[in-house]
Structure formats: C-alpha cells, structure tokens
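Structure first, then comments.
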Amino acid sequence: DAGVIQSPRHEVTEMGQEVTLRCKPISGHDYLFWYRQTMMRGLELLIYFNNNVPIDDSGMPEDRFSAKMPNASFSTLKIQPSEPRDSAVYFCASRIAGGRTQYFGPGTRLLVL
Amino acid sequence: DAKTTQPNSMESNEEEPVHLPCNHSTISGTDYIHWYRQLPSQGPEYVIHGLTSNVNNRMASLAIAEDRKSSTLILHRATLRDAAVYYCILRDGGQGAQKLVFGQGTRLTINP
C-alpha cells in the first residue's frame, strides 16, 4: 500500500485566499484524522471522521476551517479565508477500526503570506 | 486525557543503547502507553505500545513500571536514523476514545 497520501506537499498563498488540502487514507481504514503542527502549539488534532462521518471537530480553530469526507478514499480540509497564523504543517492520518496505530501522511506545509 | 512528562531533549552516541523516560502518574487502568516518533520533515510514525507488560518489537522495547506511573522506551543500538522527536502518549483503551494527544516530546540527538 502507498500509505496515506496528501496533496499538495507545499502551498504558498496570500492572506484572504481559499486553501484546500487533500488526503487519501489507506484503503480499508475507517478513521481519518486531521492534525496541525506549529512550533508554538505542537501537534494538535483538528477533527476526525469515522466511516466518513465527522465525530469530533472540537479542535477546529474557527469557522474559517471546514473538513469534509465525501467518500472512504478522500477528505479535504479547507481554510477560507486564510490568515498568516494558519501557516503550519497539516497532517492527515488514518486507522483501521479496532486497530491501535495511526498512520500519518507526509504532511502539507502551508505558508500564508 | 492523562498527562505525560518527558525530558525536552536527550543526546546519545551511535551504536549505544538509549533509554527515553516518560512519567504518567495519573494514568488510569484502561490507558495504553503509546510511543510515536517524528523524523525531520516527516509525519509521526508508530513505534510501540503496551498496557502492563514489557513489549518488544523490531524497532524498540517498552519497559513499563509495575505501578504503571512511568515507562521507558529503549532503543537497543541507536543509529543516526533514530534522531527524531519521540512522543509518549496515553490513549484510553475504551471504545469511544480515538484521539492521540501529543505533548512536546523528547528530541533525541545521535552523535556519530
């Protein structure tokens, strides 16, 4: 298996623009997680899905952030409008039901100017 | 989630064993102890986990204190590739608990 796939790997945008990050989980995995990593706050869980349904979005910083999972093989994290403080590395991870290991993607490095 | 405490950084030499400590004095009976590591410019990767007994796998060993208030990740023979941030995480084994809550971790430096 190719592992968790994220795109783009790097994104540079200007403040106010819409940003969409994409994730393809490992085939057969039932859980999908979105994390954000910054120097100040470390790794934070933003939201997670079970069988394509959002279960816990308490980590989503504000209404500018939204996440969807239209099917079992694809998820998006959207920021609209983006702000400089959104600059971070965003990771997607997936896990099989009953499993104990989360498998992380390589991350998307976002820079908002 | 119960809290873990790790040293901010540690240093070791190549081909020597490394013992990474983690304190978790408020651990509950259903909490599993997980270790992940994050190599530079990569996503975190699973290393090992355990509940009560010591555990071994191809990457490392996990030694869990008898009272479960602390644990130690052991890399038996460190290589330069083991330089990473190591995270000790408690995860409730209950059905409803799916989150991993990452702390600041221990940054491990390996000297050649």
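First the proteins, then the strands, lettered A, B, ... as listed; each starts at 1.
Looking at A/Phe33, the atoms closer than 4.5 Å to chain B (heavy atoms on both sides) all sit in the side chain, from C-beta outward. Interface remark: A/Gln37 contributes side-chain atoms only to the contact with chain B (heavy atom separation under 4.5 Å). Proximity to chain B is limited to the side chain of A/Asp56, based on heavy atoms less than 4.5 angstrom apart. Both the backbone and the side chain of A/Leu43 come within contact range of chain B, with heavy atoms under 4.5 Å apart.
Two residues are said to be in side-chain contact when any heavy atoms from C-beta on lie closer than 4.5 Å; B/Ile48 and B/Leu73 meet this criterion. Between B/Tyr87 and B/Thr4, every side-chain heavy-atom pair lies at or beyond the 4.5 Å cut-off.
Side chain of A/Glu18 to backbone of A/Pro81: no donor-acceptor contact under 3.5 angstrom is found.
Between the side chains of A/Gln80 and A/Gln17, no donor-acceptor pair of N or O atoms lies under 3.5 Å.
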